[in-house]
Amino acid sequence: MVKSEPHKYSWQQFLKDGQTFWDGVRNYQARNNLSTMKTDDLALFYHSNEGMEVVGIARVIREAYPDPTTDDARWVAVDLVPHHTLKKSVTLVDIKNEPMLAQIGLIRQGRLSVMPLRAEEFDKIVEMGS
DNA sequence: GCCAACGTTGGC
DNA sequence: GCCAACGTTGGC
């Protein structure tokens, strides 16, 4: 799952662009999670702050490479394309109300901007959004 | 706009 | 290497 503040970079903008590079991660844990993403992996796209909901699914088309927006070699970016827009967004409230999802990173560690999801958690959210 | 959670920085 | 101070994120 990746998070973005909609006023900074929204799902709608992502759809319009057709592709984006996921940069600007400046947190080691988030960076490590980014690094584990492989080509063709799917990632839920979450709007933080405004909306607070999962709005779509993105697909990785390029695995972690050095973040082009900084000279600092520690940081990486990945390239994403939109894969699927959820029929209805899954809100943070929905997720909190689903016992099976109570332990996901989104709840446990709110500040983390990139986090892993187990396959069944991913599937559950997708199911709730369709 | 406030505040809690948490990561990072810097003094010792 | 510890810990206090500070900054940032994100939910409410």
Side-chain angles (χ1 to χ4, degrees):
Chain A
M1 172 182 289
V2 293
K3 287 159 76 169
S4 179
E5 297 185 39
H7 79 261
K8 207 169 139 204
Y9 194 80
S10 68
W11 180 254
Q12 286 72 23
Q13 186 64 44
F14 185 31
L15 287 178
K16 203 190 293 175
D17 292 347
Q19 172 175 353
T20 192
F21 51 94
W22 206 264
D23 65 335
V25 170
R26 295 293 181 271
N27 169 287
Y28 290 112
Q29 223 180 323
R31 189 274 314 268
N32 293 342
N33 293 335
L34 258 194
S35 302
T36 65
M37 289 187 186
K38 298 293 175 211
T39 302
D40 288 335
D41 276 358
L42 299 178
L44 294 175
F45 194 110
Y46 175 80
H47 276 170
S48 62
N49 255 321
E50 297 164 51
M52 295 187 291
E53 58 197 6
V54 177
V55 286
I57 307 171
R59 184 166 53 85
V60 178
I61 56 165
R62 185 177 176 193
E63 302 175 14
Y65 58 94
D67 189 334
T69 63
T70 175
D71 290 335
D72 195 326
R74 292 176 300 172
W75 308 117
V76 299
V78 299
D79 287 353
L80 300 176
V81 293
H83 176 73
H84 176 70
T85 303
L86 292 181
K87 281 206 186 62
K88 61 189 182 70
S89 350
V90 179
T91 66
L92 185 63
V93 174
D94 294 335
I95 291 174
K96 283 184 171 171
N97 285 339
E98 170 53 53
M100 187 188 147
L101 299 173
Q103 288 305 311
I104 65 170
L106 182 67
I107 309 291
R108 290 213 327 275
Q109 203 176 347
R111 289 190 44 199
L112 193 57
S113 58
V114 183
M115 71 199 76
L117 286 180
R118 290 186 295 132
E120 54 267 37
E121 294 164 348
F122 181 95
D123 291 344
K124 183 67 187 174
I125 293 174
V126 172
E127 181 199 318
M128 289 163 71
S130 50

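For the numbers below, each heavy atom of this structure counts, side chains included, while hydrogens, waters and symmetry mates do not. Letters A, B, ... are given to chains in the order of the sequence lines, protein chains preceding strands, and every chain is numbered from 1.
- In this structure, the nucleotide among C:dG10, C:dG11, B:dG7 sitting nearest to the side chain of A:Gln109 is B:dG7.
- Contact between the side-chain N/O atoms of A:Tyr46 and the OP1/OP2 oxygens of C:dG11 is found at a separation under 4.0 Å.
- Following rounding to the nearest Å, A:His47 (NE2) and C:dT9 (P) show an atom-to-atom distance of 17 Å.
- Rounded to a whole Å, the CZ atom of A:Arg108 is 16 Å from the P atom of C:dG10.
- Atom CG of A:Asp71 has 12 or fewer heavy atoms from other residues, nucleotides or ligands within 6.0 Å.
- Between the side chains of A:Asp94 and A:Thr91, at least one donor N or O lies within less than 3.5 Å of an accepting N or O.
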Verdict with reasoning, A:Trp75 to A:Tyr65, per ring-ring contact (aromatic ring centres under 6.0 Å, His included) | CA-CA 8 Å; A:Trp75 308 117; A:Tyr65 58 94; over 10 Å; no
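- Using a 4.5 Å heavy-atom threshold, the side chains of A:Trp22 and A:Val60 count as separate.
- Taken to the nearest 0.5 Å, the CD1 atom of A:Ile125 stands 4.5 Å off from the CD1 atom of A:Ile104.
- The distance between atom CD1 of A:Ile107 and atom C1' of B:dA4, rounded to the nearest whole Å, is 15 Å.
- Atom-to-atom, NZ of A:Lys3 to C1' of C:dT9 comes out at 8 Å; the value is rounded to the nearest Å.
- Rounded to whole Å, the distance from CD1 on A:Ile95 to C1' on C:dC12 is 16 Å.
- The aromatic rings of A:Tyr9 and A:Phe45 sit tilted relative to each other, their planes meeting at an angle between 30° and 60°.
- The backbone N or O of A:Arg118 lies less than 3.5 Å from a partner atom in the side chain of A:Glu121, making a donor-acceptor pair.
- Spacing between atom CE of A:Met115 and atom C1' of C:dG10 amounts to 11 Å, rounded to whole angstrom units.
- Taking a 4.0 Å limit (strictly below) on heavy-atom distances, residues 21-31 of chain A reaches DNA chain B at A:Asn27, A:Tyr28, A:Gln29.
- Nucleic acid contact for A:Lys8: none, since no nucleic acid atom lies under 4.0 Å from a heavy atom of the residue.
- Between A:Leu106 atom CG and C:dT9 atom P the separation is 16 Å, expressed in whole Å.
- If you find the closest nucleotide of DNA chain B to A:Arg111 and to A:Asn49, the one lying nearer the 5' end belongs to A:Asn49.
- Spacing between atom CD of A:Glu53 and atom P of C:dC12 amounts to 14 Å, rounded to whole angstrom units.
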